[in-house]
There are 2 protein chains.
Amino acid sequence: MVAQPSARERLLDAAEHLAFTQGVAATPVDVILKQANVAPATLYAHFGNKEGLIVEALRRRLTRWDQDWQLEVDAATTAQEKLLAVFPALSRYRSGPATARWCAFLSVAAESPHPSQLLDEALRSDTELLIERLHELAVPVVGIGEAQGLAERLALILTGVLGMMLRAADPDKVIADGHATAKTIIEATAVSTTP
Amino acid sequence: MVAQPSARERLLDAAEHLAFTQGVAATPVDVILKQANVAPATLYAHFGNKEGLIVEALRRRLTRWDQDWQLEVDAATTAQEKLLAVFPALSRYRSGPATARWCAFLSVAAESPHPSQLLDEALRSDTELLIERLHELAVPVVGIGEAQGLAERLALILTGVLGMMLRAADPDKVIADGHATAKTIIEATAVSTTP
DNA sequence: GTCTATATCAAGATAGAC
DNA sequence: GTCTATCTTGATATAGAC
């Protein structure tokens with residue numbers, strides 16, 4: 001007999017699976033509870049309210065994304081490949097248990113024009129990780145002077161890849177397009193800094 | 001005494017202003033009715049239900065976007081400037097009456113994992129306009145062979161610009177970043193086709 | 001901590017008069 | 001077509017027992 005995950009874990013799993021594929025507002029608490037096989041009071045005892053559950057699910061998600069991305073960075077050999085590793089990392093991440101229709105963080109941000117402080121922090125931590133790690137990885141490729149600008153352009157491209165998934169596009173193709181676009185931008189930036 | 005717009009127009013104005021800045025699900029019908037100074041039954045007589053109102057607001061929005069974009073294309077002189085005109089068009093569009101937090105179409109798509117046929121058509125018409133016009137404008141710049149691929153990469157960049165607005169970024173700066181990124185991509189594609 | 005049952009509330013939609 | 005008033009539903013959260 002297999003040990004069942006705790007009610008807390010089951011709730012997080014269900015919330016992640018449902019809210020980030022169907023949308024948070026479109027996912028009633030009842031449905032999460034049924035999927036997790038957990039009683040209402042248990043949810044509120046653990047997380048306070050629906051938003052608390054979502055915030056915690058986002059945090060757990062960011063940890064997985066951080067790890068998956070770092071794995072791909074470590075696996076890459078050249079500095080340019082490490083900078084581009086965010087695209088294979090996205091493929092890896094999406095093939096794992098962390099299902100989402102496009103991006104859990106952008107999705108919640110889109111649904112929450114006035115987020116609470118707790119939620120806002122969870123959302124910002126995703127963007128901060130994205131920009132900061134891209135910046136670090138960009139320095140060896142284009143130098144400190146161009147690294148911030150390049151990081152922002154790459155974040156824009158990755159965000160575009162995620163957004164294109166809402167336009168009924170094939171995810172694998174879009175990731176490949178983004179990868180190719182980013183490579184062109186990196187090389188154009190690198191050329192301009194090493195004449 | 002100024003003639004007041006019809007109840008229908010007032011409803012569309014209010015729906016556009018509220019639902020596309022706050023989110024559709026986060027905007028109760030009551031609030032739209034109050035802003036439009038219209039009674040509930042009038043809304044349902046004109047549009048059937050809330051979704052009907054949103055669909056109609058999206059359609060009207062796409063017409064405006066189409067016009068604003070075409071204006072900027074016509075104002076541009078070179079073929080490359082016409083292809084890049086989508087970025088100044090976005091600035092123009094956002095400075096007009098059609099307010100939105102990021103993009104009304106992507107926002108509704110994000111909130112609607114299982115759209116009705118009517119809504120799905122309204123959403124797809126936006127993506128179709130985007131890709132098709134970019135394709136037309138790309139042909140004189142990079143030739144028929146590369147035009148489709150370039151159009152898709154530019155759509156990805158524009159979608160990235162819109163998505164970055166959810167990451168608490170400055171809209172004007174993001175549009176400028178996208179413009180510069182697109183210019184690099186276009187020139188890299190043009191170079192590879194005219195050796 | 002977890003359950004069943006339920007209170008509370010907000011939102012979409014409609015009835016019926018004018 | 002438009003108004004006031006209201007019906008109905010569905011969702012979040014809580015009460016109280018075990």
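For the numbers below, each heavy atom of this structure counts, side chains included, while hydrogens, waters and symmetry mates do not. Reminder, nothing fancy here: chain letters follow the sequence lines and each chain counts from 1. The structure displayed is predicted, hence computed values, not measured ones.
Remark on DNA chain D: of its neighbouring residues B:Ala45 and A:Ala25, the 5'-side contact belongs to B:Ala45, judged by nearest-heavy-atom nucleotide.
For B:Ala7, counting side-chain heavy atoms from C-beta on, the closest listed nucleotide (C:dG1, D:dT2, D:dA11) is D:dT2.
A:Arg8 has its CZ atom 16 Å from the C1' atom of C:dT2, to the nearest Å. Nucleotide C:dG12 holds its P atom 12 Å from the CG atom of B:Leu18, rounded to whole Å. Protein atom CG of A:Asp30 is 14 Å distant from nucleotide atom P of C:dT4, rounded to whole Å. A:Phe47 has its CZ atom 16 Å from the P atom of D:dT12, to the nearest Å. Computed from coordinates, the B:Ile54 CD1 to C:dG12 P distance equals 10 Å when rounded to whole Å. Atoms CG (B:Asn37) and C1' (D:dT4) sit 14 Å apart, rounded to a whole Å. Here D:dC3 presents its C1' atom at 14 Å from CG of B:Leu43, a figure rounded to the nearest Å. Nucleotide D:dC3 holds its C1' atom 14 Å from the CG atom of B:Leu11, rounded to whole Å.
In this structure, A:Asp30 does not pair ionically with A:Lys34, as no charged nitrogen and carboxylate oxygen lie closer than 4.0 Å.
A search for salt bridge (charged side-chain N to carboxylate O under 4.0 Å, His left out) contacts involving B:Glu9 returns B:Arg60, not counting sequence neighbours. The ring pair (Phe, Tyr, Trp, His ring centres under 6.0 Å) check on B:Tyr44 picks up nothing, with sequence neighbours excluded. For A:Asp120, the side chain to side chain donor-acceptor pair (under 3.5 Å) partners at least two apart in sequence or on another chain are A:Arg124. Residues meeting the ring pair (Phe, Tyr, Trp, His ring centres under 6.0 Å) test with B:His179, sequence neighbours left out: B:Phe87.
Among residues at least two apart or in separate chains, side chain to side chain donor-acceptor pair (under 3.5 Å) pairs with a member in residues 68-81 of chain A are A:Gln70-A:Asp74, A:Gln70-A:Arg133, A:Glu72-A:Arg92, A:Thr77-A:Glu81.
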How does protein contact run along nucleotides 13-18 of chain D, one letter per nucleotide 5' to 3', with B for base contact, S for sugar-phosphate only, - for none, heavy atoms under 4.0 Å? BBB---
